[in-house]
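Computed from a prediction, not measured in an experiment: that's the story for all the values here. Below, each value reflects all heavy atoms present in this structure, side chains not excepted, and no hydrogens, waters or symmetry copies.
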Amino acid sequence: AHDTDAWIDNAMNFWQSKGVNLNAGATAEKSLESEKSISFQFPQLFKDFHAKMDGFQDYEWNEHMFSVWSYDRIVTEYKEDNTADWVVICDF
């Protein structure tokens, strides 16, 4: 778990150094609620990541980088997609 924590912390530090506003971490309850809402189980690494940072506050960072979505946005976008054949977690 230590290597996972370091990777997540490094990513968060990088984004914050570039002025990206990050959401506070999501609770385990939020993760479970989101999974139930869309009938999908997120991988543990994804849940660990979102426990520290539940996505970017803004939907875009810059033209060369993706935007990590919050659980709320993931669920909203999934439910608005008429096909919902996949779960989208970020923009690029």
Side-chain angles (χ1 to χ4, degrees):
H2 178 46
D3 289 338
T4 298
D5 289 342
W7 178 86
I8 296 168
D9 290 342
N10 287 339
M12 289 175 61
N13 289 336
F14 174 74
W15 291 323
Q16 288 172 322
S17 76
K18 299 296 183 183
V20 177
N21 295 316
L22 307 176
N23 291 320
T27 63
E29 292 79 14
K30 182 65 173 183
S31 174
L32 185 59
E33 171 190 305
S34 300
E35 288 177 322
K36 285 182 178 180
S37 180
I38 62 174
S39 300
F40 180 82
Q41 186 172 356
F42 293 103
Q44 188 59 50
L45 179 59
F46 184 88
K47 292 188 252 190
D48 293 345
F49 185 83
H50 276 261
K52 289 190 168 220
M53 176 207 81
D54 188 23
F56 292 4
Q57 287 181 7
D58 300 315
Y59 291 151
E60 295 183 22
W61 175 14
N62 68 42
E63 69 273 15
H64 303 295
M65 188 59 192
F66 65 97
S67 171
V68 178
W69 292 359
S70 66
Y71 279 123
D72 286 341
R73 181 152 185 218
I74 292 168
V75 169
T76 298
E77 296 283 342
Y78 181 87
K79 289 182 174 187
E80 288 179 357
D81 182 353
N82 290 331
T83 60
D85 290 334
W86 54 84
V87 176
V88 179
I89 61 169
C90 65
D91 283 320
F92 179 74

Close side-chain approach of Lys52 and Asp9, heavy atoms under 4.5 Å
yes
Let me confirm one number: the CD-OG distance from Gln57 to Ser70, rounded to the nearest 0.5 Å.
10.5 Å
Is there a donor-acceptor contact under 3.5 Å from the side chain of Thr76 to the main chain of Arg73?
no
Relative to the ring of Phe42, is the ring of Phe40 parallel (under 30°), tilted (30 to 60°) or perpendicular (over 60°)?
perpendicular
Is Val75 reachable from Leu32 through a run of I, L, V, M, F, W or Y residues, each pair having side-chain heavy atoms under 4.5 Å apart?
no
Would Met53 and Ile8 count as a side-chain contact (heavy atoms from CB on, under 4.5 Å) if you check the C-alpha gap in whole Å, the side-chain angles of each, and the deciding distance to 0.1 Å?
CA-CA 9 Å; Met53 176 207 81; Ile8 296 168; 5.8 Å; no
Give me the atom names and distance for the closest heavy-atom approach of Lys79 to Ser37.
NZ-OG, 2.9 Å
Give the C-alpha distance, both sets of side-chain angles, the deciding distance and a yes or no for side-chain contact (heavy atoms from CB on, under 4.5 Å) between Ile89 and Trp69.
CA-CA 6 Å; Ile89 61 169; Trp69 292 359; 5.6 Å; no
Measure the acute angle between the ring planes of Phe56 and Trp15, then classify it against the limits of 30° and 60° as parallel, tilted or perpendicular.
perpendicular
Contacts of type salt bridge (charged side-chain N to carboxylate O under 4.0 Å, His left out), residue Lys36, not counting sequence neighbours:
none
Ignoring hydrogens, what is the shortest heavy-atom contact between Ser67 and Asp58? Give both atom names and the distance.
OG-O, 3.3 Å
Treating Asn23 as the side-chain partner and Asp54 as the backbone partner, does any N or O pair qualify as donor plus acceptor under 3.5 Å?
yes
Can you see which heavy atom on Lys47 is nearest to which on Ser31, and at what distance?
CD-OG, 3.2 Å
What distance do Tyr71 atom OH and Tyr78 atom OH have between them, rounded to the nearest 0.5 Å?
15.5 Å
Using salt bridge (charged side-chain N to carboxylate O under 4.0 Å, His left out) as the criterion, list what pairs up with Asp81, not counting sequence neighbours.
none
Salt bridge (charged side-chain N to carboxylate O under 4.0 Å, His left out) pairs, two or more places apart, involving residues 20-32
Lys30-Glu33, Lys30-Asp72
